[in-house]
Amino acid sequence: MSQQEERPRVDQADLRWCHESVQGVSRTFALTVDVLDEPMSSYICLGYLVCRIADTVEDASHIPPEDQVSLLDTYDAVLDPEDDTDPEAFAAAVEPHLPDDGELTEDWAVVRDSPRVLRTFGSLPEDVQEAIVPPARELVQGMAEFVERYEDEGGLRIQTKSELEEYCYYAAGTVGNLITNLVTRGDVAAERRRRLYDTAEEFGLLLQLVNISKDVYDDYTAENNVYLPAEWLRDEGVPQDEVVDEDHRASAASVVRRTAEFAGSFLDDAQTYLETVPLRDGNTLEAWAIPFLLAVGTLRELLAQPEDALSATGVKISRQEVLAVVSEMSGAGGESRESLGQLRESIASTPYHRTPSSAD
Ligand SMILES: CC(C)=CCC/C(C)=C/CC/C(C)=C/COP(=O)(O)OP(=O)(O)O
């Protein structure tokens, strides 16, 4: 976005609308934004929406890949402080691709109203915008790169483990850096800062890989994307385009398990991040501990029933467990950093609401 002479004041109606929009488009960040305090809650809300607009364009299987790439390039130019492409130019370019009124999901409503998101973003403090823009642009450019790479395939077909890591970096590692840029503004001891940047991308990879492992069926049937690496599927004799076929159920399930185990390899780094992150400026431990612990629970279910990720059954933890984790973390000042490891161990073995209490 072009540099403004003077930053406008945040319009409260716009800000309220941004908060309502996050509740409509994301489960993870709806919880997170809810348990952050101000001003971090609004910073993360806006940072998330800026990224989500690109994500919606990337996931749009109804838009021809060359148009997706051009839209993402335009969006990147809007975010570029050195470029004077304005948000209306992006809105005009995307307008012909918007689903009809009756089918306009909340995701697409946010894309249509992107100038409102970007105007609100542009009224945040300068240092907040500077924390968000570089990783957000990296995410946008990475998405354009992947759409272009697979434009002849009609959807993404991740080939190797290292390509999977590269994709996850753009989709979520960048978000880890964005969050870290925000929560380390100001004075942070060099060693603490180093430990956070050493583990932030890994935290993002953990969350993204858990989603990839559990959403195989939906990703393929709804968006024509296969993130399970072709080389891993080949090891099990599964052609990538037959990943959800019943004939390959057991073999493909072992690739789901392998991907979930890969996700699990990032748990220690994510825990280190949680034990290190500064809690100030409205940042809270529970905001990031909740997605971490929900990922631990989802991994437990995935490792127990990997084949469910390959059918409409799907893998998810119960609503009851989500509520139990959220209330444990956000009740009475939240759990302390010291008990995170214990909580992680407990959730890895047993659904949280069923953990025996001392009265049992
Ligand atoms: C340092 C740190 C805290 C790193 C973590 C970074 C992070 C939160 C990355 C986003 C990961 C992700 C897959 C979110 C899904 O939310 P979604 O809104 O796309 O989807 P949902 O509706 O399924 O939750």
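The shown structure was predicted, so the numbers you read here are calculated from the model rather than taken from an experiment. As the structure lists them, so they are numbered: ligands from 1, and atoms in each ligand from 1.
- The backbone N or O of P229 sits nowhere less than 3.5 Å from a side-chain atom of Q159 that would complete a donor-acceptor pair.
- For residues 176-188, the set of pairs meeting the salt bridge (charged side-chain N to carboxylate O under 4.0 Å, His left out) definition, not counting sequence neighbours, comprises D127-R185, R185-D281.
- Put simply, the residue from I132, I44, L196, T32 that forms a side chain to side chain contact (heavy atoms under 4.5 Å, CB included) with I179 is I44.
- Checked against salt bridge (charged side-chain N to carboxylate O under 4.0 Å, His left out), R137 has the following partners two or more places apart in sequence or in another chain: D76, D80.
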Enumerate, one pair per line, all nitrogen or oxygen atoms of ligand 1 lying under 3.5 Å from a protein nitrogen or oxygen, stating the separation to 0.1 Å; write 'none' if no such pair exists.
unit_1: ligand 1; atom_1: 18 (O); unit_2: S26; atom_2: OG; d: 2.5
unit_1: ligand 1; atom_1: 18 (O); unit_2: Y48; atom_2: OH; d: 2.5
unit_1: ligand 1; atom_1: 18 (O); unit_2: R52; atom_2: NH1; d: 3.3
unit_1: ligand 1; atom_1: 19 (O); unit_2: R52; atom_2: NH1; d: 3.3
unit_1: ligand 1; atom_1: 22 (O); unit_2: R27; atom_2: N; d: 2.9
unit_1: ligand 1; atom_1: 22 (O); unit_2: R27; atom_2: NE; d: 3.4
unit_1: ligand 1; atom_1: 23 (O); unit_2: R27; atom_2: NH2; d: 2.6
unit_1: ligand 1; atom_1: 24 (O); unit_2: T28; atom_2: N; d: 2.8
unit_1: ligand 1; atom_1: 24 (O); unit_2: T28; atom_2: OG1; d: 2.3

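- For the pair R257/L303, a side-chain contact is recorded, criterion being any heavy-atom separation below 4.5 Å from C-beta on.
- With sequence neighbours left out, D268 forms a salt bridge (charged side-chain N to carboxylate O under 4.0 Å, His left out) with R344.
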